[in-house]
Amino acid sequence: MRDLLYRLKDRYHLGTPTFQRPDLCFVTVKRAELRSILTELRDVHGFTHLTLLTAVDWIEEGQFQLTYMINNRAANRTLALRVMLDRTEATGDTIHDLWPTAATYQRELNEMFGINFPGSPRVDEEFILEGWTDLPPYRRDFDTLAYSQQTYRDRPGRETHDPKEHMQKTLYAEYPKGTK
């Protein structure tokens, strides 16, 4: 993997690689170079499979991190390219023409994080959250407790238990009275 990164570094701006295993590496790239790097990795270096496209909300830094994980099965290598996006604009570049499976990931990221992928097929159609009108739920500024309290009501006849007390009463009723 180091040999590949060394060759890529001649032409692209790569961040410091993080090796999770000898066959798995993460590296940050510039958004403007992402498509070129992905195309070269697919067409020249045998990374034929997009295994994952995911996002992380770095709210403190005002950014989203997109991670494109691609695999070269023949060489047993997985490379994850990370791209940082401005959180206020949240627009990524579609790569569905390179890997058609990317369209599904992009739809999910659009719905769950609000990240736009202009030109991606069906990206504006509802995917998982039918009728959702609130802030995208995977954004860290989405308040799940407030949403739950506004949307759902307690059902009569149901009790709420503190998990710690309930498990202690259920599993360890004799503790500490009858400790052995």
With a 3.5 Å cut-off and sequence neighbours excluded, list the donor-acceptor pairs that the side chains of residues 98-105 form with protein atoms.
| residue | atom | partner | partner atom | Å |
| --- | --- | --- | --- | --- |
| Trp99 | NE1 | Thr48 | O | 3.1 |
| Tyr105 | OH | Thr51 | O | 3.0 |

Taking distance alone, no hydrogens or angles, what donor-acceptor pairs closer than 3.5 Å link side-chain atoms of residues 19-27 to residues at least two apart or in another chain?
| residue | atom | partner | partner atom | Å |
| --- | --- | --- | --- | --- |
| Arg21 | NE | Asp23 | OD1 | 2.9 |

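For His49, the ring pair (Phe, Tyr, Trp, His ring centres under 6.0 Å) test picks out no residue, with sequence neighbours left out. Not counting sequence neighbours, Glu61 has no partner by the salt bridge (charged side-chain N to carboxylate O under 4.0 Å, His left out) test. Listed by chain and number, the residues in a salt bridge (charged side-chain N to carboxylate O under 4.0 Å, His left out) with Asp124 amount to none (sequence neighbours excluded). Residues satisfying the salt bridge (charged side-chain N to carboxylate O under 4.0 Å, His left out) test with Glu40, not counting sequence neighbours, are Arg11. With sequence neighbours left out, Arg73 forms a salt bridge (charged side-chain N to carboxylate O under 4.0 Å, His left out) with no residue at all. Annotation: side chain to side chain donor-acceptor pair (under 3.5 Å) contacts of Thr94 (sequence neighbours excluded): His96, Gln106. Applying the side chain to side chain donor-acceptor pair (under 3.5 Å) criterion to Arg107, with sequence neighbours excluded, gives no partner residue.
A ring-ring contact (aromatic ring centres under 6.0 Å, His included) check over residues 58-81, counting only residues at least two apart or in different chains, returns the pairs Phe64-Phe113.
A donor-acceptor contact shorter than 3.5 Å is absent between the side chain of Asn71 and the backbone of Phe47. Put simply, the side chain of Glu111 never gets that close to the backbone of Glu126: no donor and acceptor are under 3.5 Å apart. With hydrogens and angles disregarded, a donor-acceptor distance shorter than 3.5 Å links the side chain of Asp3 to the backbone of Met1.
In terms of hydrophobic clustering, with Ile, Leu, Val, Met, Phe, Trp and Tyr side chains grouped at heavy-atom distances under 4.5 Å, Phe117 and Leu52 are assigned to a common cluster.
Taking a 4.5 Å side-chain heavy-atom cut-off between Ile, Leu, Val, Met, Phe, Trp and Tyr, the cluster of Leu145 contains only that residue. Listed by chain and number, the hydrophobic cluster partners of Val44 come to none, as no ILVMFWY side chain reaches under 4.5 Å of it.
Aromatic ring centres of Trp132 and Phe142 lie closer together than 6.0 Å.
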